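Bear in mind that the values here come from a model prediction, so they are computed numbers and not experimental data.
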Amino acid sequence: MSKLLIVGTVAFDAIETPFGKTDKILGGAATYISLSASQFGVHSGIVSVVGGDFPKSYLEKLNSKNINTDGIEIIEDGKTFFWSGKYHNDLNSRDTLITDLNVLANFNPVVPESFKDADFLMLGNLHPSVQMDVINQLPKKPKLVVLDTMNFWMDNTLKELMEVIAKIDVITINDEEARQLSGEYSLVKAAQKIYTMGPKYVVIKKGEHGALLFHEDNVFFAPALPLEEVFDPTGAGDTFAGGFIGYIAKTGDISFENMKRAVISGSNLASFCVEKFGTERMENLQQSEIQQRLLQFKQLTQFEIEIN
């Protein structure tokens, strides 16, 4: 079985949408990524940090999904990273109300010995220096290294981010971030510019409008499933990334053709994530539901046409 190493935040979120609000609940990029990847039966481990206020029951919840938490440092006298946000009526835009870095402010990642030989590495959205630190702790480069990042790091730590981008195979960012990173408005031109920075594959997420996969002269588009209700978009991008790398880790195939299937798998799982607050939907997801919705994706994109 492939080993998947996931680096990212394990956190508390407090979320408000037009449909309701929560107190502090389980959140963080690594949490969503790992819960999503766990659907493929891969053996994954998280590198992150939490405070003494982080419930042991949350760690046990991750362990029950075959997610190794040995790499989650617990700083007993510290507080866990906390984010609070309020979504607007369209659910595409939000206001960040609180960002308390807490123990994340001085985080020095330590990769457990048992995951230093990881076959796949998923660098969740974090400070680029932390991502680079993890890369440098692995004696051998994994079969595939995937990076997720955001405009905050482009604005504040561009030099460090570019050094990480030079060492990865796949970058996943949204359309706004792709334009900022490349300086190109056309997403095709943006992907071409980003290739020159290091990655062989570029995945551009477009939220409710699907995702694009670029590799050399090849382009693949995966739609997002039209949903009757979107309850909470928090973590959807991380769930997509987890589904993407989870599918690849399960199959062990890093070809462009298989990455197409991985993009569909990521989109499929992200469509579940938005149906409930936080991680609730991902924690209770059944394989039968995943397979049924995959069939919907297939029907959405499959057609026959005569070409002369």
Side-chain angles (χ1 to χ4, degrees), residues 4-17 19-40 42-76 78-87 91 94 96-105 107 109 122-126 130 148 150 230-243 245-246 266 269-286 289-290:
L4 168 61
L5 180 61
I6 298 161
V7 186
T9 53
V10 174
F12 291 132
D13 289 342
I15 303 158
E16 184 174 347
T17 79
F19 308 106
K21 62 192 296 188
T22 71
D23 291 323
K24 282 186 179 181
I25 57 172
L26 177 61
T31 306
Y32 283 101
I33 292 166
S34 61
L35 286 171
S36 184
S38 73
Q39 297 296 334
F40 301 96
V42 297
H43 182 38
S44 62
I46 294 175
V47 171
S48 192
V49 62
V50 295
D53 57 346
F54 194 76
K56 296 280 190 291
S57 61
Y58 283 174
L59 296 175
E60 290 163 2
K61 196 178 287 187
L62 294 172
N63 295 154
S64 72
K65 305 280 188 187
N66 196 27
I67 300 163
N68 184 294
T69 55
D70 292 349
I72 299 180
E73 182 185 0
I74 301 172
I75 298 176
E76 292 295 348
K79 288 189 171 183
T80 302
F81 173 59
F82 172 58
W83 175 85
S84 173
K86 180 178 182 178
Y87 286 89
L91 291 175
R94 70 186 185 194
T96 292
L97 305 178
I98 301 169
T99 302
D100 289 336
L101 290 177
N102 296 329
V103 294
L104 197 63
F107 177 42
M122 178 72 227
L123 298 168
N125 183 22
L126 260 184
V130 174
D148 192 24
M150 68 184 297
V230 175
F231 200 79
D232 171 23
T234 310
D238 295 315
T239 300
F240 171 90
I245 192 65
L269 288 170
S271 75
F272 288 105
C273 177
V274 301
E275 292 181 338
K276 299 265 185 173
F277 269 127
T279 60
E280 184 183 344
R281 190 70 173 95
M282 300 310 295
E283 289 173 36
N284 303 302
L285 195 52
Q286 303 298 314
E289 296 176 291
I290 295 170

message: Quick check for you: to the nearest 0.5 Å, what is the distance between Lys21 atom NZ and Lys86 atom NZ?
response: 8.0 Å

task: Heavy atoms only: give me the nearest Pro233-Val274 pair and the separation to one decimal.
output: CA-CG1, 3.9 Å

message: Checking Leu59 against Phe54 for the side chain to side chain contact (heavy atoms under 4.5 Å, CB included) test, could you report, in this order, the C-alpha distance in whole Å, the side-chain angles of both residues, the deciding distance, and whether it holds?
response: CA-CA 9 Å; Leu59 296 175; Phe54 194 76; 3.8 Å; yes

Nearest non-hydrogen partners of Phe19 and Val230, listed with the distance: CE1-O, 3.0 Å

message: If I take atom CD from residue Glu275 and atom CG from residue Asp232, how far apart are they, to the nearest 0.5 angstrom?
response: 11.5 Å

- request: Before giving the answer on side chain to side chain contact (heavy atoms under 4.5 Å, CB included), spell out for Phe40 and Ile290 the whole-Å C-alpha distance, their side-chain angles and the decisive distance to 0.1 Å.
  value: CA-CA 11 Å; Phe40 301 96; Ile290 295 170; over 6 Å; no

message: I need the full list of side chain to side chain donor-acceptor pair (under 3.5 Å) pairs touching residues 46-61, with sequence neighbours left out, sorted by first then second residue.
response: Asp53-Thr80, Lys61-Glu283

- line: Smallest heavy-atom separation, Ala236 atom then Ala270 atom, equals O-CB, 3.6 Å

- prompt: Atom CD1 in Ile33, atom CG in Leu269: separation rounded to 0.5 Å?
  reply: 12.5 Å

field: Any donor-acceptor pair under 3.5 Å from Thr99 side chain to Trp83 backbone
entry: no

task: Output the distance between atom CZ (Phe272) and atom CG (Leu35), rounded to the nearest 0.5 Å.
output: 14.5 Å

message: Check the orientation of Phe277 and Phe231. Use parallel for under 30°, tilted for 30 to 60°, and perpendicular for over 60°.
response: perpendicular

query: Would you say the side chain of Leu26 lies within less than 4.5 Å of the side chain of Phe12, judging by non-hydrogen atoms?
result: no

message: Does atom NZ (Lys79) have a neighbourhood of more than 12 heavy atoms from anything else shown, all under 6.0 Å?
response: no

- prompt: So Arg281 and Glu289, side chain to side chain contact (heavy atoms under 4.5 Å, CB included) or not? Walk me through it.
  reply: CA-CA 11 Å; Arg281 190 70 173 95; Glu289 296 176 291; 2.8 Å; yes

message: Quick check against the 3.5 Å criterion: does Ser36 have a side-chain atom that pairs as donor or acceptor with the backbone of Thr239?
response: yes

field: Those residues that, when tested against Glu280, pass salt bridge (charged side-chain N to carboxylate O under 4.0 Å, His left out) (two or more places apart)
entry: none

query: Just checking, is any N or O donor in the side chain of Thr234 or Tyr32 under 3.5 Å from an acceptor N or O on the other one?
result: no

- prompt: Closest heavy-atom contact between Ser44 and Ile6?
  reply: CB-CD1, 4.0 Å

- request: With the side chain counted from C-beta on, respond yes when Met122 and Asp148 share a heavy-atom pair under 4.5 Å apart, and no when they do not.
  value: yes

query: So, Thr69 versus Asn63: side-chain donor-acceptor pair below 3.5 Å or not?
result: yes

query: So how far is it from Phe81 CZ to Asp13 CG, rounded to the nearest 0.5 Å?
result: 7.5 Å

Separation of Ile15 CD1 from Thr22 OG1 (nearest 0.5 Å): 5.0 Å

Nearest non-hydrogen partners of Leu5 and Val47, listed with the distance: CD1-CG2, 3.7 Å

query: What heavy-atom pair brings Ala11 and Thr31 nearest, and what distance separates the two atoms?
result: N-OG1, 4.5 Å

- request: Verify the neighbour count for atom CG of Asn284: are there more than 12 heavy atoms of other residues, nucleotides or ligands below 6.0 Å?
  value: yes

